[in-house]
Amino acid sequence: MFKISLPDGSVREVPEGSTPADVAAAIGPGLAKAALAARVNGEVRDITRPFEEDAELALITARDEKDALELVRHDFAHVLAEAVQNLYPGTQITFGPATDDGFYYDFAPAPGRGPFTEEDLPAIEEEMRRVIARDELLIREVWQREDVRDFFRRTGETFKAEWVMELPEGKPITMYRSGQGDGKWLDLCRGPHLASTGKLDPQAFKLTRVSGAYWRGDPANPMLSRIYGTAWLNKKQLAEHLVRLEEATKRDHRKIGREMDLFHLQEEAHGSVFWHAHGFVIWRQLEAYMRRRIDEAGYEEIKTPQLMDARQWERSGHWGKYRENMFVVPDEVPGTDEAAPVLSGGADLMALKPMNCPGHVLVFKQGITSYKELPIRLYENGSCHRNEPHGALHGLMRVRQFTQDDAHIFCREDQIVEEARAFCALADRIYKDFGFTYSIKLALRPDNRFGSETDWDKAEAELRDAVVAAGMATPEFGWEELPGEGAFYAPKLEWHLTDAIGRTWQVGTIQSDRVLPERLDAVYVGEDGQRHRPVMLHRAIFGSYERFIGILIEHYAGRFPLWLAPVQAIVATIVSEADSYAGEVAAKLRAAGLRVDTDLRNEKINYKVREHSLAKVPLLLVVGKREAEEGTIAVRRLGSDERQQMMRLDEAIAAFAAEAVPPDLAPKQG
RNA sequence: GCCGCUUUAGCUCAGCUGGUAGAGCACAUCAUUCGUAAUGAUGGGGUCACAGGUUCGAGUCCUGUAAGCGGCACCA
């Protein structure tokens, strides 16, 4: 007999061979039906897997949403694999995990058949529903490694056969069998699974897309055909998720960028942004805002060359490691003779900077720096070019030419923690000004790295201490350490923003660097009169202006706060008799520093309201005969419930001007 | 870079099995002066991404190139 303790503190005795399902049945038929899996001594297990010892048991039902979703999604992946092999014999199965919103499974299509396409999805979905309808039992079996390998070799599953031999030797390996009869369908799987396919809601999933994916993530390996699905506990959750996807599509910065006339991209400069007047207003506001924040925080703004001799990039180490991403330019005047080649090919090479760090070191190195001057914080709106893999480009989020809010802090060892702490505080102020919440992660040493273990211990501790000193190493700030995620030369802190619809974006970062100061021989004179090596802290808060604006567009869904809105107000007339008054209103608002346009067109006010609402102008100021006579305006706010508010012109101007003040300049609220 | 898909007017899209291009919005002109999400009429506008090929004939079929989209890999 085993003693099974339940979450309510009660203990039940069960005979050997009993399963969590038996316990659930003993408690009541309702629970037996609702139970999906079991947490046994903290580990999620199949509900039909017998106890092996006395245990603490918690039954998992749909109410334990996180566990339940994970289980269900994993099961859907399993059902997908079974369905695909039913429909397309000869297809090999590989891996199929749960994801944040569903699952995927990677297949190697049968010889002669190409990858799956979207057109295959409806048929596969249908077959998946049949597998679910058959309510096949999912039975856990423990096999020997060689037996699994032999089985998969026999059935032509070379990927699975390869994989199983890399699992640790001697440990039992689990296979899951679907349905009854001899070997109907078997998959190598760690589990756990639900008791049967019928536990899945056939209306709670949808296959969403197909794509290629390298076997085990390595480009040297064959490309597999991946099928993605989204999966939920029930139909309602699925529907809600589809609505969220739709909402994200509506906020797509590429779409809003076109609608609001913010920027465009075109083939002739792919990966580089054409900023239109409206979009560049946002840029200028951000730039001005950042300058004020940087000035206040004791940085100095500099500007360094776009092009530098290739030899400088050799010294910095970029030529060796990063050249394939650099744009290289011959230092030569092109030939003007039409018959002759444009370039001789014999010129020295220069390169567009892919980052600002080496330039900042060169600025630091001018003259002799005393330890008393440190820290020196050099900031640049640094325009960089990187020849990114073409498949990586994406709207404003990943471009080939971008401007970083980049700074390098040159400091002494004993100043690192305080500088990093101050940076945490600065980042906090800035992100809050845009209404973001965020989490801070410490990316720790990767497998491939330079430097000794003691150096890494020290570098990691410095950043950790800084966050602790800032009081932010708490769950409230999403504090988390990520093993293996650091850069090869140093650990880094990362800021992950959460936007208005819950998506996360990694933007800010700070990392310590002892390599580049060494390579480029940056020194300062210490108290002892000797030369010392400064530490360099690389840091950014927006990441890049392009990407940050892209994130802001999606975060605000184009409805920018007044201080950032490209056009803050439109004065729209109802009748032409109000034209001159409208001009007067606009002039006064402009004099108060607001970005205002007039709309005097001979159109109905309905038309104007619609058009400017769609253009997401925050303030629509309507004037007709009445307003002109009374010296008032009718204010309609974008997204406001009340239709309009009558205001006296002078009051309105004062109110709007106050509202348009950037958050760092606004008087502190109580 | 890799896999798949896409590319027709400024935008969103339609053009079946090959027979020399169409809608709505936008734009222009005219009429309309109308109080909070589309006033009406008329009109202009396209080498169908680019380059080859098949064909009597290609937006439509084939090949290549480019860009875009969804992923993979990359993002020190």
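Model, not experiment: these values are computed from the prediction. Just so it is clear: chains get the letters A, B, ... in the order the sequence lines come, proteins before strands, and each one is counted from 1.
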query: Which part of the nucleic acid does Glu118(A) contact within heavy-atom distance under 4.0 Å: base, sugar-phosphate only, or nothing?
result: nothing
Sole residue of Leu594(A), Ile633(A), Leu619(A) in side-chain contact (heavy atoms from CB on, under 4.5 Å) with Leu589(A): Leu594(A)
query: When the P atoms of C34(B) and U39(B) are considered, how many whole Å apart are they?
result: 15 Å
query: Taking the P atom of each, how far is U65(B) from G4(B), in whole Å?
result: 13 Å
task: Return each pair, listed once, that meets side-chain hydrogen bond (donor to acceptor under 3.5 Å, both in side chains) where at least one residue sits in residues 573-583 of chain A; pairs must be two or more places apart or across chains.
output: Thr573(A)-Lys608(A)
message: So Tyr104(A), base contact, sugar-phosphate only, or nothing? Heavy-atom distance under 4.0 Å.
response: nothing
- request: Step by step, work out the side chain to side chain contact (heavy atoms under 4.5 Å, CB included) result for Ile541(A) and Phe548(A).
  value: CA-CA 9 Å; Ile541(A) 292 178; Phe548(A) 197 69; over 6 Å; no
Min side-chain heavy-atom separation Val399(A)-Ser272(A) under 4.5 Å: no
message: Which nucleotide wins on minimum distance to the side chain of Lys604(A), given the candidates G35(B), A37(B), U39(B)?
response: U39(B)
message: Do the side chains of Arg519(A) and Asp513(A) get close enough for a salt bridge, i.e. N-O under 4.0 angstrom?
response: no
- prompt: Are Ile227(A) and Leu121(A) close enough that some pair of their side-chain heavy atoms sits under 4.5 Å apart?
  reply: yes
message: Classify Tyr322(A) by what it touches in the nucleic acid, base, sugar-phosphate, or nothing, heavy-atom distance under 4.0 Å.
response: base
field: d(CD, Glu259(A); P, C11(B)) in whole Å
entry: 13 Å
query: Atom CG of Leu619(A) to atom C1' of U36(B): distance rounded to whole Å?
result: 15 Å
- prompt: If you measure from the P atom in U47(B) to the same atom in U60(B), how many Å do you get, rounded?
  reply: 16 Å
task: Mind calculating the distance between CD (Gln644(A)) and P (A37(B)) to the nearest angstrom?
output: 10 Å
task: Mind checking Ala634(A) for me? I need base, sugar-phosphate or nothing, with any heavy atom below 4.0 Å counting as a touch.
output: base
query: Checking all strands, does Lys625(A) fall into the base, sugar-phosphate, or nothing category for heavy-atom contacts under 4.0 angstrom?
result: base
- line: Per-nucleotide protein contact along nucleotides 63-73 of chain B, 5' to 3', at a 4.0 Å heavy-atom cut-off (B base, S sugar-phosphate only, - neither), is ---SSSSBBBB
message: With ring pair (Phe, Tyr, Trp, His ring centres under 6.0 Å) as the test, pick out the partner of Phe95(A) among Trp215(A), Phe159(A), Tyr104(A).
response: Trp215(A)
message: If I pick the C1' atom on G59(B) and the same atom on U8(B), what distance separates them, to the nearest angstrom?
response: 7 Å
task: State whether a side-chain donor-acceptor pair under 3.5 Å links His253(A) with Glu554(A).
output: yes
message: Within the 4.0 Å heavy-atom criterion, would you say Leu614(A) contacts the bases, only the backbone, or no part of the nucleic acid?
response: base
Pairs involving residues 267-278 of chain A, ordered by first then second residue, that meet salt bridge (charged side-chain N to carboxylate O under 4.0 Å, His left out) (sequence neighbours left out): none
query: Whole Å only: how far is the CG atom of Leu396(A) from the C1' atom of C75(B)?
result: 17 Å
Could you run down the sub-3.5 Å N/O contacts of the protein with nucleotides 25-29 of chain B?
residue, atom, partner, partner atom, Å
A26(B), OP1, Tyr607(A), OH, 3.4

query: By side chain to side chain contact (heavy atoms under 4.5 Å, CB included), which residues pair with Glu246(A), not counting sequence neighbours?
result: none
- request: With heavy atoms under 4.0 Å as the rule, sort Ile605(A) into base, sugar-phosphate or nothing.
  value: sugar-phosphate
query: Of the options Tyr545(A), Trp275(A), Phe280(A), which is the one that meets Phe263(A) in a ring pair (Phe, Tyr, Trp, His ring centres under 6.0 Å)?
result: Trp275(A)
task: Using a strict 4.0 Å threshold on nitrogen-to-oxygen distance, state whether Lys441(A) and Glu485(A) make a salt bridge.
output: no
- request: Give each stem of RNA chain B as a range with a range, requiring at least 3 consecutive Watson-Crick or G-U wobble pairs whose two distances are under 3.5 Å.
  value: B:1-7 with B:66-72, B:10-13 with B:22-25, B:27-31 with B:39-43, B:49-53 with B:61-65
message: Need one value for Gln511(A): base, sugar-phosphate or nothing, where a base atom within 4.0 Å counts as base even if backbone is also close, heavy atoms only.
response: nothing
